[in-house]
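Written out below as C-alpha cells is the structure these notes cover.
Indexing begins at 1, ligand by ligand and atom by atom, following the structure's order. In this text, all values refer to a predicted model and were calculated from it rather than measured experimentally. Positions are given from 1, in the same order as the sequence printed here.
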Amino acid sequence: MKIGCPTEIKPQEFRVGVTPSAAQEAVAHGHTVLIQKGAGIGAGFDDAAYTAAGAQILDTAEEVFATADMIVKVKEPQAVERKMLREGQLLFTYLHLAPDPEQTRDLLASGCTAIAYETVTDRNGGLPLLAPMSEVAGKLAPQMGAWTLQKANGGRGVLMGGVPGVTPAQVVVIGGGVVGTHAARVAAGMGADVTVLDRSLPRMRYLDDVFGGTFRTRYASQANIAEMITTADMVVGAVLIPGAAAPKLVSRADLGLMKPGSALVDVAIDQGGCFETSKATTHENPIYEVDGIMHYCVANMPGAVARTSTIALGNATMPFMLALANKGWQQACADDPHLLAGLNVHAGQLTYGAVGQALGLDVTEPQKLLKAA
Ligand SMILES: NC(=O)c1ccc[n+]([C@@H]2O[C@H](COP(=O)([O-])OP(=O)(O)OC[C@H]3O[C@@H](n4cnc5c(N)ncnc54)[C@H](O)[C@@H]3O)[C@@H](O)[C@H]2O)c1
C-alpha cells in the first residue's frame, strides 16, 4: 500500500501523523511511505530521518493526496485537504465529526473511507488512540500550573514542593482517570501535597491500591469539592463524562472561597471545561484572571510538547496503521472489532451512531458494509 503523510496545516499544529520509526516499520512490511517535504520539522524530524527510514519525500500535499492509498494524519482534514480526498481512499486520523457538519458533509461527498482515532476502542472499554494525549496533558498540567503559580504570572507565589521548613503546595485534582492520574503523579513527584477527587469508587480503589502512598483520594461530592478548594493552591480539572459536556464543578461564586492567586488548570476545557469561569485559551496567551484566581485553559495542551506527543501518538497508531496497510481496511476491520469501531465514513455513508445522532443523519451499520465490501 502507498501510505501518505501530509504536513499538518491546522494553525499551531506541530505534530505529524507518521514518525520515521513508523515509516521504517511500514517499509519493512513492503509498503511505500510518502512524506510531504518538511512534514516532521515541527516535531523535530527532518526529511533526512524519513529518507533514512526508507520513505520518499514529495514536495506538495497535492502529490501526497494524489498518490497515496491511505492518508495518515493527526488533525481532521481541513477544507482544502478534504477537496483532495477521493473515492476509495483511506483516511486515518482524528476526526471529531459530531460537532462538525461541514467536515462530515465533505467526507461523505468525497467517497473516502475514514477511520477516526478517537472512536477506536480497546478490550477494556478504553480509547487507546486518545489515551496517549490524555497522558501528555495530564503530565503537563502540574507543570503549567506551577508556572501559573509564580508571582510574575499573577499566581500566589507558591513553590510546588516547598522547601525544608515551608509546607508544599496543596494540589487538588478533580477526576482520577488518565489525565488526573498522570497529573497527580507529576504533582506528587514535584513534592506537592495531592488529593484526587472522583465519583467512581472502583477507580478510587484502584488509585488507592496503586498510589496510596503517593496521593490521597476523596469522593467528589459538591461539599468535598467546596471544602478542598478553600485550601488548594492549584486545582486541576480532569473529569470526563463520555459523549457529554463536562459538568461545572466549581462555580464563579466558589472562586470567592479560594486563596487569591491560586491556579485553576482546566484540562477538560476541550469538553467545555469543568469550572464555570473557564474559557479556552492558546499556548500564546494561556492564562487569565477571574476574581483573583488564575486560569490556565489551553484546549490543545499536547501541542506544547509536539515531539513527545507525536512519538506517543505514533506508538499507539502504528499497529492499526500496519493492520490497515497489510490487510486492507475491510479485512483489518473484520478481524478487529475495536478498529471497526473507528469506522466513521465509507463510500458516502455515515457509519458511526453518535455522529448520526448529533447531526441528524442516517447511519449505516458498519458490520453490513463489511459484508458488502
Ligand atoms: N486540554 C487538552 O489538551 C486535553 C488533552 C487530553 C485530554 N483532555 C480532556 O481531559 C478530560 C479527561 O480525560 P481522561 O482521558 O482523563 O478521561 P477519563 O475517562 O480517563 O477520566 C475521567 C474521570 O472523570 C471522572 N468523573 C466523571 N464525572 C466526575 C465528577 N462529576 N466528579 C469527579 N470525577 C468525575 C470519571 O470517573 C473518570 O475517572 C477530557 O475532557 C479530555 O477530553 C484535554
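Looking at Asn124, its side chain never comes within 3.5 Å of a backbone N or O of Gly126 through a donor-acceptor pair. No donor-acceptor pair under 3.5 Å is formed between the side chain of Asp270 and the backbone N or O of Ala299.
Atom 35 (C) of ligand 1 has Val239 CG1, 3.6 Å as its closest protein atom, hydrogens excluded (heavy atom only). From the protein, the heavy atom lying nearest to atom 41 (O) of ligand 1 is Gln271 CG, 3.1 Å. Protein heavy atom closest to atom 7 (C) of ligand 1, with residue, atom name and distance, is Ser134 OG, 3.4 Å. Here the heavy atom of the protein found nearest to atom 44 (C) of ligand 1 is Val267 O, 3.0 Å. In terms of protein heavy-atom proximity, atom 22 (C) of ligand 1 is nearest to Leu240 N, 3.4 Å. From the protein, the heavy atom lying nearest to atom 37 (O) of ligand 1 is Asp198 OD1, 2.6 Å. Of all protein heavy atoms, the one closest to atom 23 (C) of ligand 1 is Gly177 N, 3.7 Å. Looking at atom 20 (O) of ligand 1, its nearest protein heavy atom turns out to be Val178 N, 3.0 Å.
When non-hydrogen atoms are compared, ligand 1 lies under 4.0 Å from neither the backbone nor the side chain of Leu130. Residue contacts with ligand 1 for Val179 involve both N, CA, C or O and side-chain atoms from C-beta outward (heavy atoms, distance under 4.0 Å). With a 4.0 Å heavy-atom cut-off, ligand 1 is reached by the backbone of Ala299 but not by any atom from C-beta on. Counting heavy atoms under 4.0 Å from ligand 1, residue Val298 touches it through the backbone alone. By the criterion of a heavy-atom distance under 4.0 Å, the backbone of Ala238, and not its side chain, is placed next to ligand 1. By the criterion of a heavy-atom distance under 4.0 Å, both the backbone and the side chain of Met301 are placed next to ligand 1.
Checked against Asn344 for a side-chain hydrogen bond (donor to acceptor under 3.5 Å, both in side chains), the options Thr119, Thr113, Thr104 give a single hit: Thr119.
Distances below 4.0 Å separate heavy atoms of Asn300 from the following atoms of ligand 1: 3 (O). Within the listing of ligand 1, atoms 24 (O), 34 (N) sit less than 4.0 angstrom from a heavy atom of Gly175. Near Ser200, meaning under 4.0 Å from any of its heavy atoms, are these atoms of ligand 1: 37 (O). Listed by number with element, the atoms of ligand 1 under 4.0 angstrom from any heavy atom of Pro302 are 3 (O). Heavy-atom contacts of Ala268 reach the following atoms of ligand 1: 41 (O) (cutoff under 4.0 Å). Numbered from 1 in the order shown, with element, the atoms of ligand 1 that lie under 4.0 Å from a heavy atom of Ala137 read 4 (C), 5 (C), 6 (C).
In the model, Gln12 has a side-chain atom that pairs as donor or acceptor with a side-chain atom of Glu284 under 3.5 Å. Donor-acceptor pairing under 3.5 Å is lacking for the side chains of Thr282 and Asn285. For Thr181 and Arg203, the side-chain atoms include at least one donor-acceptor pair closer than 3.5 Å.
In this structure, Glu87 places its CD atom where only 12 or fewer heavy-atom neighbours from other residues, nucleotides or ligands lie under 6.0 Å away.
Salt bridge status for Glu102 with Arg82: absent, with no side-chain N to carboxylate O gap under 4.0 Å. Lys83 has no carboxylate O lying under 4.0 Å from a charged side-chain N of Asp106, or vice versa, which leaves the two without a salt bridge. For the pair Lys37 and Asp47, the salt-bridge criterion is not met [side-chain N within less than 4.0 Å of a carboxylate O]. We find that Lys73 and Glu8 are joined by a salt bridge, their nearest charged nitrogen and carboxylate oxygen being less than 4.0 Å apart. The pair Glu227-Arg218 counts as a salt bridge, with a side-chain nitrogen and a carboxylate oxygen less than 4.0 angstrom apart.
Within the 4.0 Å heavy-atom shell around ligand 1 one does not find Ala246.
Using the six-membered ring where Trp is involved, Trp329 and His346 have ring planes that are tilted, between 30° and 60° apart.
For ligand 1, one of its N or O atoms has an N or O atom of Asp270 under 3.5 Å away. Taking only nitrogen or oxygen atoms, main chain and side chain alike, Ala220 does not reach within less than 3.5 Å of ligand 1. Considering backbone and side-chain N/O atoms, Asp266 never comes within less than 3.5 Å of an N/O atom of ligand 1. Geometrically, ligand 1 and Arg203 share no nitrogen or oxygen pair separated by less than 3.5 Å.
For the residue pair Met160 and Ala146, the shortest heavy atom distance occurs at CG-CB, 3.6 Å.
Remark: Lys279 is positioned above the aromatic ring of Tyr288, its terminal NZ or CZ atom under 6.0 angstrom from the ring centre and at most 45 degrees off the axis.
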